[in-house]
Amino acid sequence: MQLNNYVGFFRIILTLIVAMCLRIAPWPGEMSAFNPDWVLLVLVYWSLTLPDRVGIFHAWTFGLLTDVLTGRLLGQYALAYSLVIYICLKLHKQLRQFPFLQQGLFVFFCLLLSQLLLFFIKNLQHPAQLHASFWLPVFTGTLAWPLVYGVLRFVGLSQRIK
Amino acid sequence: MVAVIASVVLLATEYSSSKLIPLRATLSFFVDPLKYFVDLPTVLVDQAADSVSSYRTLKMENERLREEQLIHQTRLLKFEALEKENIRLRALLENSFKLGEQVLVAELLSVNMAPYEHIVVVNKGTRFGVHPQQPVLDANGVVGQVFRALPFTSEIMLITDPNHAIPVQVNRNGLLTIAVGGGQLNRLVLPFLPSNADIRPGDLLITSGLGGTFPQGYPVAVVDEFTSQPNKAFATITATPKALLDRNRELMIVWSKSTPVPLISKPTANEAETQTDAVK
């Protein structure tokens, strides 16, 4: 049981690390604007399925690491991720009963909230005019949700992470 | 909601001071390997392409490079004489002259930080003495400046980033102005020139050396459009960067010597210095 716990823990960390790699993976040309926020998607999945294993601490830590990874002001992804995961943890019982489409809608709002927070912090730094493509990851992220869901479900089931 | 408070505190401290640089450097130890890992496929493809290219192509490339080197060397022969002449002329004007720059070749990591910002990552960091605000060049012109230096990588802001501005000078007549990034990889904007400014399409813009970040005299961009509207005070001018911002993998990070070269008193020391720099 103890060993299984550790294995499960490493599985979760590993999926998050893969998500971070995807986050900075180069996309051809101007396509990079479509790259969704993989780290948040993975965090949302784990916090909905294993709320007692993945909590705000994970969200905050990986948010901070994402800040360093993408060269943002320290703490902005940490703030966005921990708020989103807080909502996920509060609502995970209802969300599990929802049909898939409604879950997708919830994920859309999670991504939107995170992006809004980032937008807000960016504007506090210096009011910059952002391209409309700043909001694209929210939509592509929602489209990528079934993929993330499927893959992580496979990862979780194959190991029976409890 | 400890997390929220902690992140807000972090945001506030980093925004207002530079105390968090060590923390960022420490965290980057965990994160920087990921950048190298993501870059790995590109490196492998490059290596594979190198190893399967035929003897003939290699030979042709070698010949071409040899010719190029010959041309450059002949040009350099004259350059040295011109440099000395320039120092002498400056001495007549009682002006100090800065020269002698060291470069470090850094390779681009193909990672993508934020799509709406023109920031790239290279594989040299504070371990090699890179520090923020160093100018970065490639073989054709100015690329940008070091924005943030981490132990193993550093982030470079390109001159085309909307938040970047570089003091430039028209090579033809010495007209000074500022080139601001246009947000596209092939576009700089010169927003501060009046409608009657003496500038035309095809003019070369070089760094003016004002502001102290970029050394003087490196090519930046070529003016490609000049439209002046009579009802506006400023002309709309766009320029194309000389550096191949989206194609080059090798960049050069420049250290300029802060001490000006003494005028005529010690010519031998000068010679030695330029010699070593040429070798580097």
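Order of the sequence lines sets the chain letters (A, B, ...), proteins ahead of strands, with each chain counted from 1.
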With chain B, which of A78(A), G71(A), A80(A), S82(A) has the greatest number of heavy-atom pairs at distances under 4.5 Å? G71(A)
Contact class of I121(A) relative to chain B, heavy atoms under 4.5 angstrom: side chain
For atom NZ of K124(B), is the number of surrounding heavy atoms from other residues, nucleotides or ligands below 6.0 Å larger than 12? yes
Chain B contact via L69(A) - side chain, backbone, both or neither, heavy atoms under 4.5 Å: both
Which atoms of N35(A) are under 4.5 Å from chain B, going by heavy atoms: the side chain, the backbone, both sets, or neither? side chain
Please identify each residue that fulfils salt bridge (Lys or Arg N to Asp or Glu O under 4.0 Å) with R127(B), with sequence neighbours left out. none
Listed partners of Q145(B) passing side chain to side chain donor-acceptor pair (under 3.5 Å), at least two apart: H164(B)
Closest heavy-atom contact between R24(B) and R72(A)? NH2-O, 2.6 Å
Counting only heavy atoms closer than 4.5 Å, note whether Y86(A) contacts chain B via side chain, backbone, both or neither. side chain
Which of these passes side-chain contact (heavy atoms from CB on, under 4.5 Å) with L27(B): D67(A), T61(A), L64(A)? L64(A)
E107(B) atom CD: more than 12 heavy-atom contacts under 6.0 Å: yes
Within 6.0 angstrom of L44(B) CG, more than 12 heavy atoms from elsewhere: yes
Step through the shown structure and confirm whether more than 12 heavy atoms of other residues, nucleotides or ligands are within 6.0 Å of CZ on F37(B). no
Counting heavy-atom pairs under 4.5 angstrom with chain A, the leader among L185(B), V38(B), D32(B) is V38(B)
For the interface with chain B, which of P26(A), P137(A), A59(A) has the highest count of heavy-atom pairs at distances below 4.5 Å? P26(A)
I'd like to know whether CZ of F109(A) has more than 12 heavy-atom contacts from other residues, nucleotides or ligands below 6.0 angstrom. no
Could you tell me whether the side chain of M20(A) reaches within less than 4.5 Å of the side chain of K35(B), counting heavy atoms only? no
